[in-house]
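Computed over heavy atoms, backbone and side chain alike; hydrogens, waters and symmetry mates excluded.
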4 protein chains.
Amino acid sequence: MLGPMAVAEPENTARRRPPRVDAIRNREAIVEAAAEVLAEQGVAVDVREIARRSGVGMGTLYRHFPKKEDLVHTVLRRDFAKWAESARQAAIEAEDPWAALTTFYRQALTGYARHRAIMENFALTWADPDLEGIHQLRLVIEQLRARAGAMGLLRPGVTTDDLLLLLVSLGHAVQITDECRPQLWNRLLRISLDGLRADHSAPLPTDLAR
Amino acid sequence: MLGPMAVAEPENTARRRPPRVDAIRNREAIVEAAAEVLAEQGVAVDVREIARRSGVGMGTLYRHFPKKEDLVHTVLRRDFAKWAESARQAAIEAEDPWAALTTFYRQALTGYARHRAIMENFALTWADPDLEGIHQLRLVIEQLRARAGAMGLLRPGVTTDDLLLLLVSLGHAVQITDECRPQLWNRLLRISLDGLRADHSAPLPTDLAR
Amino acid sequence: MLGPMAVAEPENTARRRPPRVDAIRNREAIVEAAAEVLAEQGVAVDVREIARRSGVGMGTLYRHFPKKEDLVHTVLRRDFAKWAESARQAAIEAEDPWAALTTFYRQALTGYARHRAIMENFALTWADPDLEGIHQLRLVIEQLRARAGAMGLLRPGVTTDDLLLLLVSLGHAVQITDECRPQLWNRLLRISLDGLRADHSAPLPTDLAR
Amino acid sequence: MLGPMAVAEPENTARRRPPRVDAIRNREAIVEAAAEVLAEQGVAVDVREIARRSGVGMGTLYRHFPKKEDLVHTVLRRDFAKWAESARQAAIEAEDPWAALTTFYRQALTGYARHRAIMENFALTWADPDLEGIHQLRLVIEQLRARAGAMGLLRPGVTTDDLLLLLVSLGHAVQITDECRPQLWNRLLRISLDGLRADHSAPLPTDLAR
DNA sequence: TATGAATGAGGGTTCATTCAT
DNA sequence: TATGAATGAACCCTCATTCAT
């Protein structure tokens, strides 16, 4: 495919970039540990705890992420993306638009909704259309809504914001039921989805947006 | 009602300087200020801020509430009770069981759901049956559920826990929409309530409680 | 002069201000210790060192001075003022305008020129006319210059800025000779002052100010 | 001059990869970059900044200079020497001993007096007769003093230390006027030099050296 | 008793120096 | 050997809680 260059180039790169494999490994260890800790404890964690769990010194952590915020954002971006993707995949495999919607929620709420930092951030930024991670999620929801709406399955007037807010809202339910009643949220989900069906034709209240 | 005691007691106290009335006044000022601040900022507030707003010194505050937690709990008990009561009152005035239920939610979500500390604590303790404030809320919900259920208005299988969790969940939605989309949660409420109607007969998933 | 109020007032004040004598003492201890340390080591000192020397905890220090900068500025203001005042006093007592000028320099260089933080700050801000401490010094110099100039004792064209810069410059000399040749700067002073005499009529180079 | 060694040595080194030329080049790059940075920012610079500007890694830098101090000293030696030399050259070209002296100061203050690290170090070490760089400077001054003294141009009693201290002192003036009043120091220089003239016969104060 | 000053354990961050690649 | 990643002590600052007045 590439000819001689294909040979030369890697060599070249190898020369100038003494493959800092372990740096990458460290970076990943940091992100991994941070993700773990952030999922468990939210953004209020001590940076030292992350360093400890990832087995690196403070300096290493700060070399890779000059501010705590940078690390947090990196983790959030990553995990939001993973989250959106996993829920999207689940939705894709569904048989029909309604199943896609329900599967999406089920998957979304099963996986990352236990992630404390994700949910904290989601609560703060769900309305900000520019944030990468949330944007992906919103896109998925937008598609699901369009598909279900086109088939006349969805209650008229339901917006993407409604569906997104429902996700935040149920996500919170997941968090707080996680330890004592791990599946209780499922019932709420069922209830909400039923309330979203097209057979409810009563108009939803306007919210005088903004 | 009290007889001689009513006379003796004040005298006694009067001797030792401030006839306890001050203490009570202080305590109330502290609780009031704390409630205000906790509602605005959640439990992470600086204790100094509470002392400042209540006009008492740190020493006085800590005399009445040896731990920050004690003060927080006191406020939460009080405000949970107020919350439950105001929502109960609203429900009572409703014309029929279903209106009672919807009015209850509307009232509950309109008033105290903006109280940050209340919602933080609700999330942590909603499942603890012993906590006074939540217990009252639960009782109200229990009654509403019973009434609506008796009339066959409520979807079969809906439990008090479902309704309580719905409250937490929507309460969270209220918080996060408060600044940018102040009434968006109303739509979610409508959807959920519709999902709770008896015309949805599909069984709710069990949650293998505990 | 005051009548009964003179009696009442102190009582009043005593009531509302449980004379936090020790707080004041602490504040002074902090400032004193800070002045000492800043004089010895310059502004780069560790705040803990100041706390340690003043015998208070970090919290106390930060209660009185929310930022390290605040403490540093407080000390600098105080010491600049002391410095200007002591040099002014010395100058006042001199017999004639020229003696006033020389005495001023001698005094100024003898006292605070060993103060590292003072000199660091002086070097940075000597040209800023708004800084309190420096302003006082400049005023004194301005007067001395005017008096000596009026008597025709001062070399024509000498400005207040010249004299101020000479002070910074010789102050630096004091600092660097302090440990090994404690009075060497005196010779430099003598030389400079002689160069300032009116018998040098050659014009000074312009500096195209600004 | 060296015979066989001159041949053998390179060969030897050549076998083990980089024929030391690289090392020398690196070393020079480091020193060059360090000089630049030290001149701009003084000794408080981050070592990384030096590594960055010189284009070498930290390891290389520390291989050549095991301590930051070592590198700093190397640069200072080099730049002190350059400084002394340039001022000496200027002085040599002067027409008479007095012009030599004034030219020396003017040159010295024009060139390297803006070099922050040089001046920082000069302040610390001016009195240490063993330090190479300063020693050279001192020698130049010694000669200038001798020449001007022999001609009876210099105020009696002026020592080399006086002249050296004057240089430090005015060097500081250069630094602090550099940004706001770039030539103001020139006036101070003129004043000081006039104070050094032989027509001032009043004896300078002794400083009871050590 | 009420006051608010004092305490000090952490929390985020930097940087000279070492070490694996 | 050159690279730049890793280390960790030390820095500035906050806040729940205690204590002298």
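For F:dT14, neither phosphate oxygen OP1 nor OP2 lies less than 4.0 angstrom from any side-chain nitrogen or oxygen of C:Tyr62.
Of the two residues contacting DNA chain E, namely B:Val56 and C:Gly57, the nearest-nucleotide position lying further toward the 5' end is that of B:Val56. Judged by closest nucleotide on DNA chain F, A:Gly55 is the one of B:Val45 and A:Gly55 placed further toward the 5' end. Nearest-nucleotide assignment on DNA chain F puts the 5′-proximal partner with A:Gly59, out of A:Gly59 and B:Ala44.
Within residues 63-80 of chain D, the residues approaching DNA chain F are D:Arg63, by heavy-atom distance under 4.0 Å.
Rounded to whole angstrom, the span from the CZ atom of D:Arg27 across to the P atom of F:dT1 amounts to 15 Å.
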| said: Once pairs are restricted to Watson-Crick or G-U wobble with both distances under 3.5 Å, how does DNA chain F read as a dot-bracket string, [ ] for crossings and | for other-strand pairs? | reply: .||||||||||||||||||||

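The base of E:dG4 is not paired with the side chain of B:Arg48 by any donor and acceptor separated by under 3.5 Å.
For the side chain to side chain contact (heavy atoms under 4.5 Å, CB included) criterion with B:Gln41, the lone passing option out of B:Leu38, B:Val37, B:Val43 is B:Val37.
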| task | Applying ring-ring contact (aromatic ring centres under 6.0 Å, His included), run through D:Phe80 and D:Phe122 and close with a yes or a no. | result | CA-CA 9 Å; D:Phe80 260 117; D:Phe122 200 6; 5.6 Å; yes

| From CA spacing to verdict: side chain to side chain donor-acceptor pair (under 3.5 Å), B:His64, B:Asn26 | CA-CA 9 Å; B:His64 288 286; B:Asn26 267 339; 5.1 Å; no

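Checking side-chain atoms of A:Asp70 against main-chain N and O of A:Lys67 turns up a donor-acceptor pair under 3.5 Å.
The pair A:Glu49-A:Arg52 meets the salt-bridge criterion, since a charged nitrogen lies less than 4.0 angstrom from a carboxylate oxygen. Of the charged side-chain nitrogens involved, none lies within less than 4.0 Å of a carboxylate oxygen, so that D:Glu32 and D:Arg25 do not count as a salt-bridged pair.
How far CD of A:Gln175 is from CG of B:Leu124: 10.5 Å, rounded to the nearest 0.5 Å. Note that CD of D:Glu36 is 11.0 Å distant from CG of D:Asp79, once rounded to the nearest 0.5 Å.
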